[in-house]
Amino acid sequence: MSEFVPRNFIQNIIDEDLKENRVKKIHTRFPPEPNGYLHIGHAKSICLNFGLALEYGGLCNLRYDDTNPSKEDQEYVESIERDVRWLGFDWEDRKFYASDYFEKMYESAEQLIKDGKAYVCDLSPEEIREYRGTLTEPGKESPYRNRSVEENLDLFRRMRAGEFPDGSRTLRAKMDMASPNLNMRDPVLYRILRATHHRTGDNWCVYPMYDFAHPISDALEGITHSICTLEFEDHRPLYDWVINNLDLGCKPRQIEFARLNLTNTVMSKRKLRELVEKGYVDGWDDPRMPTISGIRRRGYTPSSIRDFCERIGVAKANSTVDISLLEHCIREELNLTAPRVMAVLRPLKVIIDNYPEGQVEELPAENNPQNPELGSRTLLFSREIYIEQEDFMEDPPKKYFRLSPGKEVRLKHAYIIKCERVVKDEKTGEVVELHCTYDPQTRSGLDQSGRKVKGTLHWVSARHAVPAEVRLYDHLFINASDQAENGEQQEEDMILNPDSLERLTNCLIEPSVQGAKPGDRFQFMRQGYFCVDLDSTADRLVFNRIVSLKDSWAKQGKK
RNA sequence: UGGGGCGUCGCCAAGCGGUAAGGCAACGGACUCUGACUCCGUCAUGCGCAGGUUCGAAUCCUGCCGCCCUAGCCA
């Protein structure tokens with residue numbers, strides 16, 4: 001984990017608020033709408049809000065912003081809680097719902113009416129739009145704007161009582177139809193909506209709008225810093241208006257920051273939903289998805305995500321973080337914690353002609369050279385083994401230091417072997433088998449020969465290896481206008497990567513992985529970090545590639 | 001077009017008038033029984049542009065330019 005912890009502008013604001021005694025103890029909240037699955041962009045917000053509370057010895061609430069029953073569902077609240085917990089944060093007994101405050105919000109609305117600051121408007125949605133004006137022209141006042149307090153109160157109560165059809169009337173704040181900020185042109189506070197709410201059922205047929213509900217929820221919970229994304233910047237005057245025109249005993253401060261964008265993926269709920277619904281991925285938790293559930297299934301650790309969120313920083317400039325930073329974070333952690341194991345993904349048979357038939361040798365192998373505490377295991381070596389197809393080339397390029405005819409390599413933790421003969425399929429010409437000889441003097445740890453070879457290969461014993469399926473993942477999207485020097489990548493410029501998943505079903509892995517459970521992580525030597533998938537069964541393991549190892553040889557090839 | 005916000009290395013991002021942190025990526029090299037890891041080195045005379053103030057400006061002022069948000073009874 002990095003020790004580098006940058007201070008961001010929000011921390012500066014909080015420091016100032018503390019210093020000036022505007023607040024004594026900070027209190028934040030993470031306010032998702034339960035209408036979809038959380039993604040890594042939400043993780044940034046979660047880490048920010050809970051992280052700030054932790055850092056300053058304050059509190060952070062979990063609060064569902066459930067003011068629109070037509071879009072929300074209980075299914076989502078469960079997944080949200082699982083995800084926040086998985087990330088390592090705890091809201092203790094502070095799980096709230098905006099819907100908990102519906103009665104209080106309703107009372108607040110009546111108070112605004114009594115104060116002459118809100119009115120019931122009979123304009124249709126289309127009319128409201130017309131009356132709102134445009135970016136350059138001021139709006140017109142609603143003909144219902146000057147109803148008496150009594151009439152407004154009566155109408156509003158009857159709205160609540162269900163006397164009017166959906167959409168027929170609204171409660172609006174009396175602000176300024178000429179404001180250059182369209183949000184201030186008498187915004188709607190309440191609408192009539194007959195939909196069953198996931199918590200309040202059919203108790204209500206009027207529901208508060210976000211702009212009214214959010215500041216009230218914040219104030220009621222004693223939130224000191226209400227952190228949201230940039231698009232709400234224009235709503236801040238409205239947020240403040242609600243806070244200042246109601247006596248809620250608390251004046252939270254709204255602060256906006258830039259949401260996270262990542263290269264090679266999409267983040268909008270709409271596009272993620274589309275991937276799922278059109279079957280481009282297997283579900284919300286498909287390991288290629290940037291959802292928290294997808295990332296978790298892929299094999300990322302919570303700590304690597306927290307590290308990532310810390311490293312990307314918090315600022316107000318729109319930005320797109322290179323996904324290689326995320327990959328760096330998980331590699332860095334797993335390098336220290338993941339046991340190493342040998343797995344052959346695309347097997348090529350090797351027969352060691354001078355190795356005694358039927359002999360099996362036990363070879364000791366450390367589980368993690370970076371971390372001796374992870375101990376060691378015993379490998380089984382025999383006459384027939386498998387190596388990786390790409391570790392042999394009949395006609396190798398310069399600087400290829402793997403196996404080729406007449407050349408030598410070391411088998412990791414075992415012997416140096418030499419390739420003597422290549423057996424090919426007569427029809428296809430495909431290499432099907434290699435015959436090699438080994439040098440008994442070169443056994444790892446006991447090597448007296450003093451011989452040096454450039455290449456070291458991973459391998460498995462044919463008799464002892466266990467079969468497995470391995471799923472290789474690549475970026476979900478590639479940039480169509482690839483490597484455009486102009487930097488920032490737009491979601492629109494991206495096309496689905498047709499090779500984002502490669503399923504290998506004939507993999508062979510050393511027997512020590514037997515008994516591994518879903519979620520267990522390994523480094524497959526020379527290949528990458530892998531995680532046992534949920535699809536594994538008692539007799540067949542399935543692995544997800546979390547991330548490959550860096551590969552400077554592959555990079556050579558691209559030049 | 002009104003209003004709001006933002007422009008510091010390929011990507012993030014510090015910096016708050018005293019002479020451009022750091023991370024990722026990239027590129028060299030060392031080491032290596034993982035072409036991994038690790039280590040060493042390179043990578044902004046420059047902070048959107050142009051003027052101005054100042055002994056001194058990424059930081060202050062003026063004017064431009066570019067990008068994002070905004071005309072839901074969504075959040």
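As the structure is a prediction and not an experimental result, all values here were calculated from the model. Below, chains carry the letters A, B, ... as their sequence lines are ordered, and counting in each starts from 1.
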For atom [atom1], what is the distance between [N] and [M], given to the nearest Å?
| N | M | atom1 | answer |
| --- | --- | --- | --- |
| B:rG63 | B:rA21 | P | 32 Å |
| B:rG66 | B:rA30 | P | 50 Å |
| B:rC9 | B:rC49 | P | 10 Å |
| B:rU19 | B:rC47 | C1' | 13 Å |
| B:rU8 | B:rG46 | C1' | 9 Å |
| B:rG23 | B:rA44 | P | 15 Å |
| B:rG52 | B:rG56 | P | 12 Å |
| B:rA14 | B:rG51 | P | 29 Å |

Trace of the salt bridge (Lys or Arg N to Asp or Glu O under 4.0 Å) decision for A:Arg253 with A:Asp240
CA-CA 8 Å; A:Arg253 198 223 276 226; A:Asp240 291 339; over 6 Å; no
Can you tell me if the side-chain N/O atoms of [X] get under 4.0 Å from OP1 or OP2 in [N]?
| X | N | answer |
| --- | --- | --- |
| A:Arg191 | B:rA75 | yes |
| A:Lys555 | B:rC27 | yes |
| A:Arg129 | B:rG72 | yes |
| A:Arg7 | B:rG15 | no |
| A:Ser552 | B:rA36 | yes |
| A:Lys452 | B:rU32 | no |
| A:Ser319 | B:rA13 | yes |
| A:Arg311 | B:rA14 | no |
| A:Lys399 | B:rG35 | no |

Sugar-phosphate only, base, or nothing, as touched by [X] at under 4.0 Å among non-hydrogen atoms:
| X | result |
| --- | --- |
| A:Arg443 | base |
| A:Gly139 | nothing |
| A:Met209 | sugar-phosphate |
| A:Ile312 | sugar-phosphate |
| A:Phe308 | nothing |
| A:Val453 | nothing |
| A:Lys316 | sugar-phosphate |
| A:His458 | nothing |
| A:Ile128 | base |
| A:Leu123 | base |
| A:Tyr207 | nothing |
| A:His214 | nothing |
| A:Glu33 | sugar-phosphate |
| A:Gln527 | nothing |

Both A:Thr134 and A:Phe232 contact RNA chain B. Taking the nearest nucleotide for each, which residue is further toward the 5' end?
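Between the two, 5'-proximity favours A:Thr134.
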Take A:Leu549 and A:Glu366, find for each the nucleotide of RNA chain B with the closest heavy atom, and name the residue whose nucleotide sits nearer the 5' end.
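Between the two, 5'-proximity favours A:Glu366.
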Stretch residues 62-70 of chain A: residues that reach within less than 4.0 Å of RNA chain B through a heavy atom:
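Within residues 62-70 of chain A, the residues near RNA chain B are A:Asp65, A:Thr67, A:Asn68.
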Please list residues of residues 163-181 of chain A whose heavy atoms come under 4.0 Å from any atom in RNA chain B, ordered by number; otherwise none.
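Hits under 4.0 Å, by residue number: A:Gly167, A:Thr170, A:Pro180.
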Do [X] and [Y] sit within salt-bridge range, that is, some charged N less than 4.0 Å from a carboxylate O?
| X | Y | value |
| --- | --- | --- |
| A:Asp307 | A:Arg311 | yes |
| A:Glu233 | A:Lys316 | yes |
| A:Lys454 | A:Glu408 | no |
| A:Asp551 | A:Arg526 | no |

Residue from A:Tyr76, A:Phe30, A:Tyr97 passing ring pair (Phe, Tyr, Trp, His ring centres under 6.0 Å) with A:Tyr64:
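When A:Tyr76, A:Phe30, A:Tyr97 are each tested with A:Tyr64, the ring pair (Phe, Tyr, Trp, His ring centres under 6.0 Å) holds only for A:Tyr97.
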N/O donor-acceptor pair, side chain A:Arg402 with base B:rG35, under 3.5 angstrom
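Such a pair is found, so the answer is yes.
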Do A:Glu231 and B:rU70 share a donor-acceptor pair, side chain to base, under 3.5 Å?
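There is none.
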Considering every strand shown, what is the Watson-Crick or G-U wobble mate of [N] when both distances are under 3.5 Å?
| N | answer |
| --- | --- |
| B:rG17 | none |
| B:rC6 | B:rG66 |
| B:rC60 | B:rG52 |
| B:rU38 | B:rA30 |

Verify the distance criterion only: is there a donor paired with an acceptor across the side chains of [X] and [Y] at less than 3.5 Å?
| X | Y | answer |
| --- | --- | --- |
| A:Thr301 | A:Glu333 | yes |
| A:His475 | A:Glu327 | yes |
| A:His198 | A:Asp73 | no |

Under the side chain to side chain contact (heavy atoms under 4.5 Å, CB included) test, which residues partner A:His197, sequence neighbours left out?
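Partners of A:His197 by the side chain to side chain contact (heavy atoms under 4.5 Å, CB included) criterion, ordered by chain and then number, come out as A:Asp66, A:Pro69, A:Glu72, A:Ser99, A:Phe102, A:Arg199, A:Thr200, A:Tyr207.
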Report the residues that fulfil side chain to side chain contact (heavy atoms under 4.5 Å, CB included) with A:Cys436, sequence neighbours left out, ordered by chain and then residue number.
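A:Cys436 satisfies side chain to side chain contact (heavy atoms under 4.5 Å, CB included) with A:Val350, A:Leu403, A:Ile417, A:Cys419, A:Leu434 only.
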Near-parallel close stack of A:Trp553 and B:rG35 base (under 5.5 Å, under 30°):
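Check passed, A:Trp553 stacks on base of B:rG35.
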Scan residues 363-379 of chain A for pairs that pass side chain to side chain donor-acceptor pair (under 3.5 Å), counting only residues two or more places apart or in two chains.
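Listed by first then second residue: A:Asn367-A:Arg377, A:Arg377-A:Glu510.
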Sequence neighbours left out, what pairs pass side chain to side chain donor-acceptor pair (under 3.5 Å) with at least one residue falling in residues 178-193 of chain A?
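Qualifying pairs: A:Tyr119-A:Asp186, A:Arg145-A:Asp186.
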Using O4'-C1'-N9-C4 for purines and O4'-C1'-N1-C2 for pyrimidines, with syn meaning within 90° of 0, is B:rG23 syn or anti?
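B:rG23: anti.
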What nucleotide among B:rC6, B:rC37, B:rU1 has an atom nearest to a side-chain atom of A:Leu135?
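In terms of side-chain proximity for A:Leu135, the closest of B:rC6, B:rC37, B:rU1 is B:rU1.
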Of the nucleotides B:rC74, B:rA71, B:rU34, which one has an atom closest to the side chain of A:Arg132?
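It is B:rA71.
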Identify the residue among A:Arg169, A:Arg172, A:Arg158 that makes a side-chain contact (heavy atoms from CB on, under 4.5 Å) with A:Val120.
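That would be A:Arg169; it is the only one of A:Arg169, A:Arg172, A:Arg158 passing the side-chain contact (heavy atoms from CB on, under 4.5 Å) with A:Val120.
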